[in-house]
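Step one of this worksheet: look at the structure below.
Quick note: numbers below take in every heavy atom, side chains included, and nothing from hydrogens, waters or symmetry partners.
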Amino acid sequence: AVVSTQSTGYYITNNLRMKVLVFLTLVGAVLGNLAFDEWAREHGKVYSSYRERVYRQEIWTSNMDKILGHNVRHVKGEVSYDMAMNAFGDMTFEEFRSHKTCYGGNLGKTP
């Protein structure tokens with residue numbers, strides 16, 4: 001990597017920045033996979049194919065992002081309750097509504 005010096009300090013070239021970004025993205029992906037794997041083991045999840053596993057992990061990741069975003073709002077005092085991942089974390093809201101409730105299509109969307 002090339003480092004240039006200016007009067008205000010050192011500046012890392014875009015090449016090194018890109019390598020660092022790719023590295024951090026890979027680390028995040030590995031940690032995300034580990035978290036999903038641990039959650040799936042904890043809840044006895046077994047998927048019929050690799051494709052289904054990937055699909056369910058994408059849903060789980062999206063749900064986890066929503067939970068974390070909500071909990072940031074909770075810490076700031078913007079909402080009065082926190083959220084946590086549960087055994088239904090690999091389901092979309094629509095799947096949860098149709099398979100796990102008696103309301104079918106009558107249950108409203110979550111905020």
Fill in: Partner residues of Y47 under the side-chain hydrogen bond (donor to acceptor under 3.5 Å, both in side chains) criterion, sequence neighbours left out
D90

Discussion item. Test of understanding: with side-chain contact (heavy atoms from CB on, under 4.5 Å), list the residues that count as partners of I59, not counting sequence neighbours.
Written reply: Y55, R56, N63, T92, E95

Worksheet item: Remaining members of V72's ILVMFWY cluster at a side-chain heavy-atom cut-off under 4.5 Å?
Response: none

Item to complete: Starting from V75, walk the hydrophobic network (Ile, Leu, Val, Met, Phe, Trp, Tyr; side-chain heavy atoms closer than 4.5 Å) and list everyone else you reach, by chain and number.
Response: none

Worksheet item: So, Y81 versus H70, ring centres under 6.0 angstrom or not?
Response: yes

Worksheet item: Should we say atom CZ of R41 is surrounded by more than 12 heavy atoms from elsewhere, each under 6.0 Å from it?
Response: yes

Fill in: Between N33 and Q57, a side-chain donor and acceptor under 3.5 Å
yes

Practice prompt. Report the residues that fulfil ring pair (Phe, Tyr, Trp, His ring centres under 6.0 Å) with H74, sequence neighbours left out, ordered by chain and then residue number.
Written response: none

Discussion item. Side chains of K45 and W39, heavy atoms from C-beta outward: is any pair under 4.5 Å?
Written reply: yes

Practice prompt. Can you run down the salt bridge (charged side-chain N to carboxylate O under 4.0 Å, His left out) pairs that involve residues 63-81, sequence neighbours left out, and say none if there aren't any?
Written response: R73-E78

Item to complete: Start with the C-alpha gap between M64 and F36, add the side-chain angles, then the distance that decides, and say whether side chain to side chain contact (heavy atoms under 4.5 Å, CB included) holds.
Response: CA-CA 10 Å; M64 183 58 82; F36 177 76; over 6 Å; no

Item to complete: Supply the atom-to-atom distance R53 CZ to E58 CD, rounded to the nearest 0.5 angstrom.
Response: 10.5 Å

